[in-house]
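Below you will find the structure I want to go over with you.
Heavy atoms only: backbone and side chains are in, while hydrogens, waters and symmetry mates are out. Note that the structure is predicted; figures quoted are calculated from it, not measured.
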Amino acid sequence: MLNKSVHLPEELIIEILLRLTVKNVLRCKCVCKSWFSLISNPNFATSHSQLAASPTDKLVCLRNNSETLLSIDFNASLNNDSSYASLSHEFLPPRSYSEIGGSCRGFIFLLSYPDFFYLWNPSTGVHKNIPPSPNSITIVSGSYLETFLYGLAYDHSTDDYLVVLGSCDCRHLDYRIPCSISFEIFSLRDNNWKYIEVDSHLIIQYGCDSNAGLLLNDSIHWMVRNWEVPTHVYFDVIIAFDLKESRMLEIALPYGFDYKDYPSNHNLLVLGGLICASIVEMHTIKIWVMKKYAVHSSWTKILEFSVDPALHCSLSIVCFTNSGDIIGRDNEGGLTKFNDKGQLLERHSSPKSIKSNRFQMALYTESLLSLPCAIEQV
């Protein structure tokens, strides 16, 4: 019997490739030169991002000394070694202190102190260095203005990526005086920084569990701790910087989301396109969802359950799986999975490479997208 080669129309090949996962598409680049050229086309990457039937979400884990970067498939079993993959990060300065500043469209915003900023696609290795801000608010120590809010966003109307830094005016050192918040925004398309100062009646002390902002509804959200003068107590509040209007919105947390004297962990999450707030305190996990954006009365508690008392002081909620399970982490990088009824499904201790109390995790979606003038890491 004679072997006959089958020639598929290019249009059909494109339709098939567009429906593969990012991992499998990258493998297909090695098939032949024409496929390599096709997959490397920015238009293909954009189409793949838009048509992906089930985008693959993963966690990136960064040890702050930049020695270790891991990708974690949290939708798979946490106890499967194949769920953990090392990521190449030679572009970071050796043994630098690095921090995750945000995630958007498959890109991670990385800060490597003292003044190196990067946008990086963990799936493809594509990365780009962002020039440091010319303003003084990015100076960490000795400055009146302390940078502690970070974010990354994408403007669909201009096809532009925006890096956001937020700083609090601490020059008064007086808890009775509200502090203004200064924002610096870097436009990748314009290749420059813009400075914006917004009024605030808050007396912000510091950010909560993470300085990385949560992107939703064209705004970047942070949970911050505020000092209330009349009652002389701390309380947490969500602040959102509207990138379209260049203004700040304050969103009160749900009733029952209270800061107590005992240790507690707080976090902002997204579930089904809605903003969520989680708190872990006194071996109890509570999660609320805001069903109508910026409407306080729409906060609804969707989960409350008890956990192992040995875990509660170090546990914080990271994300939700595709099936609705809950992923938590401990202070050393270990992961825990609960179902939507609070039943413990899996626990996985941290890999030795990240076993440290100085690490971060962030959610990202695998993509083939690139950046203008970006460098493809080999």
Problem - Point-to-point distance, once rounded to the nearest 0.5 Å, from CD1 of Ile287 to CG of Leu303 - result: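 CG of Leu303 is found 5.0 Å from CD1 of Ile287.
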Handout entry: Which residues share a salt bridge (Lys or Arg N to Asp or Glu O under 4.0 Å) with Asp218, sequence neighbours left out
Key =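 For Asp218, no residue satisfies salt bridge (Lys or Arg N to Asp or Glu O under 4.0 Å) once neighbours in sequence are set aside.
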Exercise for the section: Verify side-chain hydrogen bond (donor to acceptor under 3.5 Å, both in side chains) between Ser77 and Glu346, making sure each step is shown before the conclusion. Expected result: CA-CA 8 Å; Ser77 171; Glu346 289 183 296; 2.6 Å; yes
Exercise for the section: Begin from the C-alpha positions of Asn267 and Ser316 and carry the test side chain to side chain contact (heavy atoms under 4.5 Å, CB included) through to its verdict. Expected result: CA-CA 7 Å; Asn267 206 4; Ser316 61; 5.6 Å; no
Exercise for the section: Sequence neighbours left out, what passes side chain to side chain donor-acceptor pair (under 3.5 Å) with Asn322? Give chain and number order. Expected result: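 Here no residue qualifies.
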Practice task
Flag yes if more than 12 heavy atoms outside Lys23 fall under 6.0 Å of its NZ atom; otherwise flag no.
Solution key: no
Handout entry: With sequence neighbours excluded, residues passing side chain to side chain donor-acceptor pair (under 3.5 Å) with Ser82
Key =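 For Ser82, the residues satisfying side chain to side chain donor-acceptor pair (under 3.5 Å) (neighbours in sequence not counted) are Asn80.
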Completion exercise
All heavy atoms of Thr284 vs all of Ser306, minimum pair found to be OG1-OG, 4.1 Å
Problem - Worked verdict on Tyr84 versus Leu335 for side chain to side chain contact (heavy atoms under 4.5 Å, CB included) - result: CA-CA 12 Å; Tyr84 302 80; Leu335 293 177; 4.2 Å; yes
Handout entry: Heavy atoms of other groups near Asp81 CG, more than 12 under 6.0 Å
Key = no
Practice task
Applying salt bridge (Lys or Arg N to Asp or Glu O under 4.0 Å), name anything that partners Arg19, two or more places apart in sequence or on another chain.
Solution key: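 Partners of Arg19 under the salt bridge (Lys or Arg N to Asp or Glu O under 4.0 Å) test: Glu15.
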Problem - Partner set under side chain to side chain donor-acceptor pair (under 3.5 Å) for Ser157, not counting sequence neighbours - result: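 Scan of Ser157 (side chain to side chain donor-acceptor pair (under 3.5 Å), adjacent residues dropped) gives Asp155, Lys244.
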Handout entry: Contacts of Asp340 that satisfy side chain to side chain contact (heavy atoms under 4.5 Å, CB included) - sequence neighbours left out
Key =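 None.
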